[in-house]
Amino acid sequence: MSEENHTNYVKIWALLVVLLAISVLGPMLEIEIVTLLTAFGIAFVKAYLVAKHFMHVNLTPRFVPYLMATCLVFMLLFVTATAPDIYKSEGTNWKKTAEWQYMPPQTADHGGEAEHH
Amino acid sequence: MAESIPSDAPAVADDHHGHEEPSFWSKYVFSTDHKMIAMQYMFTGMAMAVIGGFMAYAFRLQLAFPGIEVPGFGIVTPANYNALVTNHGAIMIFWVAMPVLIAAFGNYLIPLMCGCDDMVFPKLNRLSYQIFLLSALVLLSSFFVEGGGFGGGWTAYPPLSAKAEYSLTPLGSSIWLGAVALEFVAFLIGGINFITTAMNSRAPGMKLYDIPIVIWMIVIASILFLVSVGPLIAGAIMLIFDQQLGTAFFDPARGGDPVLWQHLFWFFGHPEVYVVLLPALGITAEIITVFARKKLFGYKTVLHTTIATGVLSFTVWAHHQFISGVDPRMAHVFTLTTLLISVPIAEMMFVYIATLYGGSIRLTTPMLWGLSFIAEFLIGGVTGIFLGASGSDIYFHDTYFVLAHFHYTFFPIAIIGTFAGLTFWFPKMFGRMMNDRLGKIHFWGTIIPFNFIFIPLFVLGMGGQHRRIFDYSNFPELSQPWMQDIRILATSALLIMLGFQIVFFYNFIVSLRRGEKASKNPWKSNTLEWTTDSPPPHGNWKELPTVYRGPYEYSVPGRDEDYWPQDQPN
Amino acid sequence: MKPIATTRSTSGMPTGLLAVWWVVGSEIVIFGGLLGSYLMYRLSHDAWAGQAANTNTAIGTFNTLVLLTSSLFAVLAHRAAESGDGKKAARLLYYTIGGAVTFVCVKAFEWSTEIAHGYTITANTFWSFYYTAAGIHGLHVIAGAIIMAIVARDAAKNLELQRVELIGIYWHFVDIVWIFLFPLLYIAK
Amino acid sequence: MIESLVPAASSYAWEIDWIFTLVFILTGFWFILCEGVFFWLIFKFKAKDGQPAEYITGNEPHLKRWITIPHVLVLVCDLFILGAAVKVWYDIKQYLPEAEKTVRVIGQQWTWTFVHPGADGVLDSSDDIYTVNELHLENETVYHYQLESVDVLHDFSVPVFRLKQDAIPGRVITGWFEPTLEGEFDVQCAEICGIGHALMGARVFVESAQKHEAWIATQTARMATQNPIALAANSSARRIGKE
């Protein structure tokens, strides 16, 4: 533990803030692949940094990261096996009706400040 | 709260504490002692079992004699019937099997079998029970609100459960769902406590392979619960929002998808079967080894098959949904995994049966329960293959065949497993022996009618009788006289079985007061809980034990006695 | 007092730390189920991108910054607690709580603005997910802040200093959840 | 075995009965074997005075094979069942033979509405026949069904056809069957759908080609004179939730 105490937490924090800035600025280029990479790729990097340097996952007994990974893998399994029904709008011998794409008539006020940012 | 003995108190003060007796409230109601919390779980579970049994009584009478006024209940209307079957299922799984098998036995056995003085977080433990009790009260209250209790099946499939205009229970369905969610929170807290205690607070010397199987099973069950319940907690929140706020997570008319709920539910729902199965299997392992005076036939085999079952149980959930509109191609994958999971379970059964080989079998009441668990659970196991194989499930889905199948798994788990554990640990829990003769009468009076209830229902299921119908007169093919005769047969068997439970309660209460005093180790068992007094004092041991060997060293050659307690150096 | 059971550590980890990791594991699946469902819906509804355009990225970014900074304070508090300086740990924990309060206040402002513009939880399923996911996360923030206040009070008296690390781990987890919620709800448009 | 209780009235009913028999024999064998050994062991090794139990760890190779061999055999049996299940499932649910006629089945609380293709044999044309709780089929004709629901989950179950499929609001599910036995049979709703679930039964009439044609003729006349209630119910109900 004592070795790790010398980690410069402020440096990690600064790195996280820079990554945050990139993840916000990246999508402004409006290139889909860049958006995906900066938004979600960086989210994983940030999560890794927090998990490693703030939560000290690497310093805990081995089963802790395994447990976390198992939970994530089961979630991945859940999504993969569920996606053919939920994500798809048609499949073998079935299809969803048009209501699946239902979007209510836009009553929200578009002039709000929310949009101007 | 009870205090530890002051260090300067004389040793003789140990028996009656060196200070005032704790008040009734702090001793029985707000106690943090794991044994007292276990008893609270046990008795709450039993009370809920009585309520669940009463529900079964009401709707079985309605099925046998449609339209009669059920004594003690009244006319069973369609709404009543749906609410009864829904809550019977929910109560028996969430408020009987879970609290008794995991929480009660887990609370009682984990500290005692691991050789420590309490759970690691006693106050969280108490909180867990209090939330559980609250959830039970919330559930029961759902019957008395406007519109009555929820009647959409214990799976609560939306859109039926999501909209009051469909279910006609505007409040009942939300209260029901809230109760289930509270119950999950209670068991999450409890489960973390169990896992942590078993991982961290074992007696010195107790290595991984020295832990009794039942502890392994309860811990693995808690882990399964913890990892599988998350999506359903999220789903329950979404469904409550659909019901009360009018969101459209599961509303197909507004861009939702009802099938998502089915996945969220069964991703939890299938591991849940193993969550309650494993503790019952563990209890059986303890009982069989003690009364056959045999080492378990392959401790590691049992352990590894348990872990394999646990992992596989996460991959099979959609076999509940074969014909519920999931993509037909997915059915092949889930048939494969479902058939795969039968392999470790079958192997575990083989191990249990093989344990009897070369034994010296004593057919005491707990042993009868333990053996009948195997015999009956096998029926539940093999009939599951019909349903796990996608092809035959087309016909059997949602028929009485399914119903009989899962009662052949859940009855052994929840009822037989509980009676096995209760009769086995009764001397330790209450310091007195149960009457063996009455125990055997109760055993046979339960097991024989049980088979007469559910074997006939397999036949009805093969005859195409579908579930959750309060009166079959609307279906000409299902109102043939022979079918009605079978329904009456099943109902009569149920009444007999329920009647025999009076023997149990009589035996329980009389033994509690006047039973023969139990010694420390009446069954000559190895595990640690039998090395302390019966019942164990607060803190369990005067001096916490040290472990020298595995839990199943029975009939070791060259020893005078046929058992070798874990805490004896030689 | 504490039972002997609590003080043992057969697994080599302090009991509290072990339990916190199990809590984190169970939380992973709760958020995993919710965000998995959201992802599947989101990817099959193109129109949701248009709805997401109405979220306020600036406020979201600010809140991310607040949470990241509060995480920094939490880990600094952990270091202070390890060196036995309870007073400093408590002070840093109070900064963390300050972050939590800021986060919740900003959230309240953001939500009330959006609701005032008609983007309520029932507006459509995107907004339902928006409020549900951020709401469950917000509840974790509030619960974490309350527990942290209790821990900080004890830590100021140099009591139960090991708890500073435990609440920190929980707090970082809440932070990580937000790290994923942020692009899912705000950035992807 | 199922056939002795419920007649088999579709072209694939025998497949279900066959897989049932297969699974019954395989699992029945294991079941009887296990229970037989189990009870034999209990009686053989009942406690006797002066005869202690043996000390067996379960790791002895010559004993352990009594577990491992059955273990492998169970796996082999599972493979057979898997193969059979995949085949039956593929034939009934995944593979769609060319349709000769198509019917639409619409579930709602608590009736079934059936849309028959009418005289021209084409669905969604002006001569469609709407009926409530009565499905009329021509014998030995391959039918596709389009299953829909307007409110909650229902399940279109025809035990004599060995057919069961959930109807899900927001989805159209297509499947097939070919009736092979003339007569009048039950249609059930096999998924709980509210307090009227027990009332949601319909009848299916499997008729000879001649009889079916006569029925179509009378119904076409009825449809012409009578405002089709089912049509109205169907179209309005499908808009539920859009207001």
Side-chain angles (χ1 to χ4, degrees), chain A residues 1 39-40 43-44 46-48 50-51 54-110 112 114-115, chain B residues 159 192 195-196 199-200 208 223-224 226-232 234-235 246-268 270-271 307 310-319 321-334 336-337:
Chain A
M1 242 8 192
F40 295 101
F44 281 102
K46 280 197 287 189
Y48 170 78
V50 173
F54 285 1
M55 294 168 98
H56 305 295
V57 172
N58 53 334
L59 298 181
T60 57
R62 191 64 66 75
F63 84 91
V64 168
Y66 282 163
L67 169 70
M68 300 301 122
T70 312
C71 289
L72 287 172
V73 166
F74 279 141
M75 284 305 103
L76 200 64
L77 175 79
F78 172 74
V79 172
T80 354
T82 307
D85 299 316
I86 311 301
Y87 161 59
K88 296 274 194 182
S89 54
E90 62 183 310
T92 312
N93 303 343
W94 63 272
K95 67 173 196 291
K96 291 181 186 171
T97 53
E99 280 93 354
W100 173 233
Q101 291 296 339
Y102 171 80
M103 186 53 67
Q106 200 53 262
T107 53
D109 170 15
H110 278 276
E115 208 185 32
Chain B
I192 289 171
I195 299 167
T196 317
M199 282 180 74
N200 239 3
L208 283 183
I223 296 176
L224 290 185
L226 194 127
V227 177
S228 66
V229 78
L232 187 57
T247 55
F249 291 115
F250 304 117
D251 182 356
R254 292 189 289 145
D257 193 338
V259 177
L260 175 63
W261 168 267
Q262 301 183 5
H263 282 293
L264 290 168
F265 184 88
W266 287 116
F267 184 77
F268 160 75
H270 198 84
I307 293 169
V311 172
L312 276 174
S313 74
F314 281 93
T315 64
V316 301
W317 77 89
H319 67 215
Q321 303 164 257
F322 279 153
I323 65 148
S324 316
V326 302
D327 196 286
R329 286 167 297 178
M330 296 300 289
H332 302 312
V333 181
F334 283 100
L336 172 71
T337 53

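Chain naming here is simple, since letters A, B, ... match the order of the sequence lines and numbering starts at 1 in each.
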Worksheet item: Looking at B/His263, B/Met330, B/Gln262, which makes the most heavy-atom pairs under 4.5 Å with chain A?
Response: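 The answer is B/His263.
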Worksheet item: Does any heavy atom of chain B fall under 4.5 Å from the side chain of A/Lys96, the backbone, both, or neither of them?
Response: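 For A/Lys96, the side chain is the part near chain B, not the backbone.
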Practice prompt. Examine whether an atom of A/Phe63 lies under 4.5 Å from a heavy atom of chain B, and if so say whether it belongs to the side chain, the backbone or both; otherwise answer neither.
Written response: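 Side chain of A/Phe63 only, per the 4.5 Å heavy-atom cut-off to chain B.
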Discussion item. Given heavy-atom pairs under 4.5 angstrom as the criterion, report whether the side chain, backbone, both or neither of B/Phe314 touches chain A.
Written reply: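 Its backbone and side chain both get close to chain A.
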Practice prompt. Examine whether an atom of B/Leu264 lies under 4.5 Å from a heavy atom of chain A, and if so say whether it belongs to the side chain, the backbone or both; otherwise answer neither.
Written response: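 Answer is both: backbone and side chain atoms of B/Leu264 are under 4.5 Å from chain A.
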Item to complete: Apply side chain to side chain contact (heavy atoms under 4.5 Å, CB included) to B/Val227 and A/Thr70, showing your working.
Response: CA-CA 9 Å; B/Val227 177; A/Thr70 312; 5.7 Å; no
Discussion item. Checking A/Trp100 against B/Arg254 for the side chain to side chain contact (heavy atoms under 4.5 Å, CB included) test, could you report, in this order, the C-alpha distance in whole Å, the side-chain angles of both residues, the deciding distance, and whether it holds?
Written reply: CA-CA 7 Å; A/Trp100 173 233; B/Arg254 292 189 289 145; over 6 Å; no
Output the distance between atom [atom1] ([X]) and atom [atom2] ([Y]), rounded to the nearest 0.5 Å.
X        : Y        : atom1 : atom2 : answer
B/Leu224 : A/Phe74  : CG    : CZ    : 8.0 Å
A/Asp85  : B/Leu260 : CG    : CG    : 10.0 Å
B/Trp317 : A/Thr82  : CH2   : OG1   : 4.5 Å

Discussion item. Just checking A/Tyr87: does its OH atom have more than 12 heavy atoms from other residues, nucleotides or ligands closer to it than 6.0 angstrom?
Written reply: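 No, OH of A/Tyr87 has 12 or fewer neighbouring heavy atoms, counting only those of other groups under 6.0 Å.
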Practice prompt. Please step through side chain to side chain donor-acceptor pair (under 3.5 Å) for the pair B/Asp327 and A/Trp94, ending with a clear verdict.
Written response: CA-CA 8 Å; B/Asp327 196 286; A/Trp94 63 272; 3.0 Å; yes
